[in-house]
Amino acid sequence: MTELILIRHGQTELNRGPFFQGQIDVPLNATGLAQAARLAERLRDERLEAMVCSDLLRTRQTAAPASARLALDATPDAGLREQRFGLFEGLSFEEVDERFPEAFAAWQRHEAGYAVPGGESVIQFHARVVAAVRAVAERHAGRRVAIVTHGGVLDMVWRTANRLPLDGPRECPIPNAALNRLRIAGDTIEILAWGDDAHVADLAAPADPAPAAGAADALQSCSRRSG
């Protein structure tokens, strides 16, 4: 049995508005850096034995203060990246709607088999995420591990643990820098606690855009958002 603490990265400027962030390599903003510092304080008593993070800058920056405080290297893993959104990445929802209206309309239907041109479908994304998380659990069997990753990755784990379909909008809150506790034993993923952001709640990060806008990264609302 392996215990995992999955953590969404701290806030970036693209998280503040309706943008497709995906796999573009953007840094944390000031709020995100403050969240990362609070996260390090929160993790100091967790008796962690390893840390892993997505190889994108925003997760590495989020992991860095905790890595330093705990004297644990945060091992980068590209399998833990956010969903790839191809042509949409770096653009606002308004820009995507204007430049690629048919693709944007198709994406808003939340069909798991649909891939934005140059991007991944949710089916492809889910397979990558589950394989990566299980590989981390196998490499660190019987230990407690922190994984710093992305909102979309956490959504895929939530759906897997709860046996939910991949179609449709998100149904779980995923605050920046919150702790999400899992237990993995064999093929079973069990959620022990979700969305614990008590250590960063007072930083008052603005909510992600409304559900009608869609995308692969959620904060207070639970539509699919990019981050």
Side-chain angles (χ1 to χ4, degrees), residues 1-16 21 23 25-82 129 132-158 161 172-184 189-205 208 217-219 227:
M1 181 180 67
T2 306
E3 292 185 37
L4 302 180
I5 301 176
L6 270 64
I7 302 156
R8 180 188 173 198
H9 62 80
Q11 188 190 80
T12 71
E13 282 303 301
L14 294 186
N15 288 149
R16 288 168 53 83
Q21 191 163 217
Q23 294 188 8
D25 218 8
V26 296
L28 299 180
N29 63 14
T31 296
L33 292 170
Q35 290 168 335
R38 295 281 189 87
L39 176 66
E41 288 290 325
R42 179 69 188 273
L43 291 177
R44 66 179 180 175
D45 297 322
E46 287 290 340
R47 302 190 310 278
L48 294 172
E49 296 173 88
M51 289 188 71
V52 182
C53 63
S54 155
D55 64 343
L56 296 180
L57 178 60
R58 57 194 183 271
T59 55
R60 290 187 284 112
Q61 286 184 316
T62 302
S67 175
R69 175 176 285 276
L70 302 173
L72 287 173
D73 289 336
T75 304
D77 185 340
L80 296 167
R81 286 184 176 194
E82 182 57 275
V129 165
V133 171
R134 290 195 184 281
V136 171
E138 289 171 6
R139 286 197 303 272
H140 302 284
R143 304 167 78 188
R144 178 177 290 173
V145 183
I147 298 177
V148 183
T149 185
H150 303 268
V153 171
L154 285 160
D155 181 34
M156 295 298 99
V157 172
W158 171 272
C172 61
I174 306 178
N176 289 98
L179 306 189
N180 305 279
R181 300 176 187 272
L182 311 175
R183 180 185 293 141
I184 296 185
I189 299 177
E190 178 187 4
I191 293 175
L192 305 177
W194 193 265
D196 178 1
D197 66 344
H199 53 294
V200 292
D202 65 313
L203 293 176
D208 284 340
D217 204 3
L219 190 56

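Bear in mind that the values here come from a model prediction, so they are computed numbers and not experimental data. The analysis underlying the following values was restricted to heavy atoms, covering all of them including side chains, and did not include hydrogens, waters or symmetry mates.
A distance of 13.0 Å separates CD of Glu13 from CZ of Arg58, quoted to the nearest 0.5 Å. Distance check: Cys53 SG to Ile7 CD1 gives 10.5 Å after rounding to the nearest 0.5 Å. Atom CD in Gln11 sits 4.0 Å away from atom CG in Asn29 (nearest 0.5 Å). A distance of 4.5 Å separates CG in Leu6 from CD1 in Ile147, rounded to the nearest 0.5 Å. Taken to the nearest 0.5 Å, the OG atom of Ser67 stands 5.5 Å off from the CG atom of Asp73. Distance check, rounded to the nearest 0.5 Å: OG1 of Thr75 to CG of Leu80 gives 10.5 Å.
Contact detail for His199 and Ala177: the closest heavy-atom pair is NE2-O, 2.7 Å. Listed here is the closest heavy atom pair of Val129 and Val157: CG1-CG2, 4.2 Å. The shortest heavy-atom contact between Leu28 and Gly10 is CD2-O, 3.2 Å. Residue Ala40 comes nearest to Pro65 through the heavy atom pair CB-C, 3.6 Å, listed as atom of the first residue, atom of the second, then distance.
Under the 3.5 Å distance criterion, the side-chain polar atoms of Asp25 are matched with a main-chain donor or acceptor of Leu57.
Every residue meeting the salt bridge (charged side-chain N to carboxylate O under 4.0 Å, His left out) condition with Glu46, not counting sequence neighbours, appears here in chain and number order: Arg144, Arg181. Residues forming a side chain to side chain donor-acceptor pair (under 3.5 Å) with Thr12 (at least two apart in sequence, or on another chain): Asn15, Gln21. Scored by the side-chain contact (heavy atoms from CB on, under 4.5 Å) test, Arg44 finds Glu41, Arg69, Leu70 as partners (sequence neighbours excluded). Applying the side-chain contact (heavy atoms from CB on, under 4.5 Å) test to Ala161 and every residue at least two apart in sequence or in another chain returns Ile189, Ile191. Partners of Arg60 under the side chain to side chain donor-acceptor pair (under 3.5 Å) rule, at least two apart in sequence or in another chain, do not exist in this structure. Asp55 meets the side chain to side chain donor-acceptor pair (under 3.5 Å) test with Arg81; sequence neighbours excluded. Under the side-chain contact (heavy atoms from CB on, under 4.5 Å) criterion, Asp196 pairs with Arg42, Leu179, Ala198, not counting sequence neighbours. Partners of Gln61 by side chain to side chain donor-acceptor pair (under 3.5 Å), not counting sequence neighbours: none found.
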Can you give each donor-acceptor pair under 3.5 Å made by side-chain atoms of residues 132-142, sequence neighbours left out, with the distance rounded to 0.1 Å?
| residue | atom | partner | partner atom | Å |
| --- | --- | --- | --- | --- |
| Arg134 | NH1 | Gly186 | O | 3.3 |
| Arg134 | NH2 | Asp187 | O | 2.9 |
| His140 | ND1 | Arg143 | NH1 | 3.2 |

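Side chains of Met1 and Ile184 form no contact here, defined as non-hydrogen atoms less than 4.5 Å apart. Side-chain contact between Leu182 and Trp194: present, with at least one pair of heavy atoms (C-beta onward) separated by less than 4.5 Å. Contact of the Thr62 side chain with the Leu39 side chain is registered, since non-hydrogen atoms from C-beta on lie closer than 4.5 Å. Taking 4.5 Å as the limit, every side-chain heavy atom of Ile5 sits out of range of all side-chain heavy atoms of Asn180.
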(request) Evaluate the criterion side chain to side chain donor-acceptor pair (under 3.5 Å) for residue pair Asn176 and Gln35; output intermediate values, then yes/no. (result) CA-CA 8 Å; Asn176 289 98; Gln35 290 168 335; 4.7 Å; no
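Tested against Thr59, the residues Arg8, His9, Glu82 include a single side-chain contact (heavy atoms from CB on, under 4.5 Å) partner, His9.
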